[in-house]
Amino acid sequence: MVPSMKNTPVSKKRAPVASFPKSLLAWFATAARPMPWRETRDPYRIWLSEVMLQQTQVATVIPYYERFLTKFPTVEKLAAAHQDDVLKLWAGLGYYSRARNLHRGAQMIVERFGGKMPRSPDTIREIPGIGDYTAGAILSIAFDLPEALVDGNVARVLSRLKMLEGDWRTGEGKRTVWDVARVAVAEVHAARLNPGDYNQALMELGSTVCTPRSPSCSQCPVAAFCAATKNDVQDDYPKLKAKSVSPEWKLRAWIVRDKNKILFAQRGQDGLFGGMWELPTERLEPKTSSSPKPIARVTHVLSHRVLHVEAIEINQPDWRKRFPKNADLTCWSGDYTQFKWLNMDDAQSGSIALPAVQAKILALCAEKTPLFD
DNA sequence: AAAACGGGGCC
DNA sequence: GGCCCAGTTTT
């Protein structure tokens, strides 16, 4: 026994050893960035934020989040909305199945759960668009339940902390990182700390300190617990497998003119841009020649595909010759469900839900042909 | 287990 | 130009 301990009464507790969760939470209390969804405990708002944040950065989400809640402040309002109006507010955010699922989910919550978000992991997982991550996020953040969560940030932090070897996105590596996360959140709960704050702190650390490239280990509040830092191999984690290359598609968007009106079409629910509106667009064979000459071209990169889009103007009679009925034009995944004539201003001012690539090509056309107004 | 699913920010 | 982002669903 060390001399200084000699007179310490047995009953008196030792000063608590700084634990990983305590160090992390102490840091989070001072370093948490303000975010709109951190001002509320409303499960609906937490849910909305988590869905918008799927594969999407915080800064991108904030304006969409505010606009969405102005229009749909409660789950009941969202459940009662038309899908078109939901998609309009999602236009430009991407991954549009998120919006369709959110809308269906709101209806499920109202009709089946009496307007209240379920508090059980198994039940909440039945809501469309709520997977393992989002279930853990809502349950821990809105309800203080000790549920784990793993997103890209958490996976990176835990991978470095424990030098996890597998790719956390698939197979064994995924199971491992989730196991680590669950064990940790159980310890957090046992220590009477808040699981929601802990989960958010882990994500905050990942996005501001334990970043993908050049992490700030010297400023990390939990560097003392980190195996990768100890071995100076933080840049080697997480270990990820390479992604496959994206195929390139050539698309032709028709600008069908009738005086100052342009023809728009709505895609079916399934597949890319499901439920969204666009200029009638065909997929072409890679070597197809363009005639007449396109008035605009854009290249647009998706996560899994590169789109080369050309816009070709055509008058009503020529359009009818090519496609006797509008329905004769089919987009690459199923048929269009609806057509509508709009002037350029209406189309560009949010009266229909346009994906970013379509908004981009429309803006180029408006710029190049002064006839539109 | 792998592929489909958007778009933008950052190096 | 490639990587990554508070992932989920379908195949």
Side-chain angles (χ1 to χ4, degrees), chain A residues 32-33 35-38 46-65 87 90-102 104-105 124-138 140-141 148-157 166-175 177-178 181 196 198-208 210-215 238 240-247 249 267 269-276 278 298-307 332-333 353-360:
Chain A
R33 295 167 295 174
M35 296 178 192
W37 43 89
R38 287 183 174 162
I46 306 291
W47 174 36
L48 175 65
S49 73
E50 293 303 341
V51 173
M52 284 189 166
L53 286 161
Q54 288 167 10
Q55 297 291 282
T56 311
Q57 297 189 345
V58 168
T60 304
V61 165
I62 289 174
Y64 283 90
Y65 175 84
L87 288 177
W90 214 272
L93 247 195
Y95 285 115
Y96 298 102
S97 65
R98 291 185 296 175
R100 301 195 302 272
N101 287 335
L102 186 77
R104 287 200 295 137
I124 202 172
R125 258 316 251 101
E126 293 178 33
I127 294 169
I130 297 188
D132 293 336
Y133 164 80
T134 307
I138 296 171
S140 66
I141 297 170
L149 104 211
V150 175
D151 73 331
N153 290 310
V154 173
R156 185 169 56 254
V157 172
D167 185 334
W168 66 269
R169 298 170 300 183
T170 57
E172 172 104 35
K174 185 173 182 173
R175 279 188 293 279
V177 74
W178 272 93
Y198 167 79
N199 282 336
Q200 291 191 77
L202 217 42
M203 295 191 280
E204 187 83 3
L205 187 76
S207 54
T208 61
C210 194
T211 50
R213 286 171 299 278
S214 39
L240 301 174
K241 290 181 197 159
K243 283 182 187 167
S244 54
V245 294
S246 296
W249 280 13
R267 304 181 68 91
Q269 295 285 308
D270 297 328
L272 194 57
F273 306 126
M276 301 291 282
E278 63 183 20
V298 302
T299 292
H300 191 77
V301 180
L302 307 181
S303 55
H304 59 300
R305 197 161 298 161
V306 177
L307 305 179
W332 59 83
S333 58
L354 286 177
V357 60
Q358 292 285 329
K360 205 196 286 186

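So that the names make sense, note that chain A is the first sequence line, chain B the second, and so on, each numbered from 1.
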Quick one: does [X]'s side chain have a donor or acceptor within less than 3.5 Å of a partner on [Y]'s backbone?
{"X": "A:R156", "Y": "A:C210", "result": "yes"}
{"X": "A:R104", "Y": "A:P128", "result": "no"}
{"X": "A:R98", "Y": "A:Q54", "result": "yes"}
{"X": "A:T211", "Y": "A:T208", "result": "no"}

NZ (A:K174) with more than 12 external heavy atoms under 6.0 Å: no
Going by modelled atom types, is there a donor-acceptor pair between the base of [N] and the side chain of [X] at under 3.5 Å?
{"X": "A:T56", "N": "C:dG7", "result": "no"}
{"X": "A:Y95", "N": "B:dG6", "result": "yes"}
{"X": "A:T60", "N": "B:dG8", "result": "no"}

When you measure from the side chain of [X], which nucleotide among [options] comes out closest?
{"X": "A:Q55", "options": "C:dG7, C:dT9, C:dA6", "answer": "C:dG7"}
{"X": "A:R213", "options": "C:dA6, C:dT9, C:dC3", "answer": "C:dC3"}
{"X": "A:P212", "options": "C:dA6, B:dG6, C:dC4", "answer": "C:dC4"}
{"X": "A:M203", "options": "C:dC5, C:dA6, B:dG7", "answer": "C:dA6"}
{"X": "A:Q200", "options": "C:dA6, C:dG7, C:dT9", "answer": "C:dA6"}
{"X": "A:L240", "options": "C:dA6, C:dT8, C:dC4", "answer": "C:dC4"}

At under 4.0 Å between heavy atoms, what does [X] touch on the DNA or RNA strands: base, sugar-phosphate, or nothing?
{"X": "A:S303", "answer": "base"}
{"X": "A:G92", "answer": "sugar-phosphate"}
{"X": "A:R38", "answer": "base"}
{"X": "A:T134", "answer": "sugar-phosphate"}
{"X": "A:A356", "answer": "sugar-phosphate"}
{"X": "A:R305", "answer": "sugar-phosphate"}
{"X": "A:W90", "answer": "nothing"}
{"X": "A:D132", "answer": "sugar-phosphate"}
{"X": "A:M276", "answer": "nothing"}
{"X": "A:G271", "answer": "sugar-phosphate"}

Distance check needed: [N] [atom2] versus [X] [atom1], whole Å only.
{"X": "A:D270", "N": "C:dT10", "atom1": "CG", "atom2": "P", "result": "9 Å"}
{"X": "A:K243", "N": "C:dG7", "atom1": "NZ", "atom2": "C1'", "result": "11 Å"}
{"X": "A:R169", "N": "C:dT8", "atom1": "CZ", "atom2": "P", "result": "15 Å"}
{"X": "A:L93", "N": "B:dG8", "atom1": "CG", "atom2": "P", "result": "9 Å"}
{"X": "A:H304", "N": "B:dA3", "atom1": "NE2", "atom2": "P", "result": "12 Å"}
{"X": "A:I127", "N": "C:dT9", "atom1": "CD1", "atom2": "P", "result": "11 Å"}
{"X": "A:Y133", "N": "C:dA6", "atom1": "OH", "atom2": "P", "result": "9 Å"}
{"X": "A:Y64", "N": "C:dC5", "atom1": "OH", "atom2": "P", "result": "20 Å"}

Give me the distance, rounded to whole Å, that separates [N] from [M] when you measure between the [atom1] atoms they each carry.
{"N": "B:dA3", "M": "C:dA6", "atom1": "P", "value": "25 Å"}
{"N": "B:dG6", "M": "C:dT11", "atom1": "P", "value": "14 Å"}
{"N": "B:dA1", "M": "C:dC5", "atom1": "C1'", "value": "23 Å"}
{"N": "C:dT8", "M": "B:dG8", "atom1": "P", "value": "22 Å"}

Most 5' of A:G171 and A:H300 on DNA chain B, judged by nearest nucleotide: A:G171
Closest-nucleotide ordering on DNA chain B, the 5'-leading residue of A:F273 and A:R175: A:R175
A:F273 and A:Y96 aromatic ring geometry - parallel, tilted or perpendicular at 30°/60° bounds: tilted
Comparing A:I130 and A:M35 on DNA chain C - which has the more 5′ nearest nucleotide: A:M35
Pairwise side-chain contact, A:W37 with A:I141, heavy-atom cut-off 4.5 Å (strictly under): no
A:M52 and A:L48, any side-chain heavy atoms less than 4.5 Å apart: yes
Under-4.0 Å side-chain N/O to phosphate OP1/OP2 contact, A:R125 with C:dT8: no
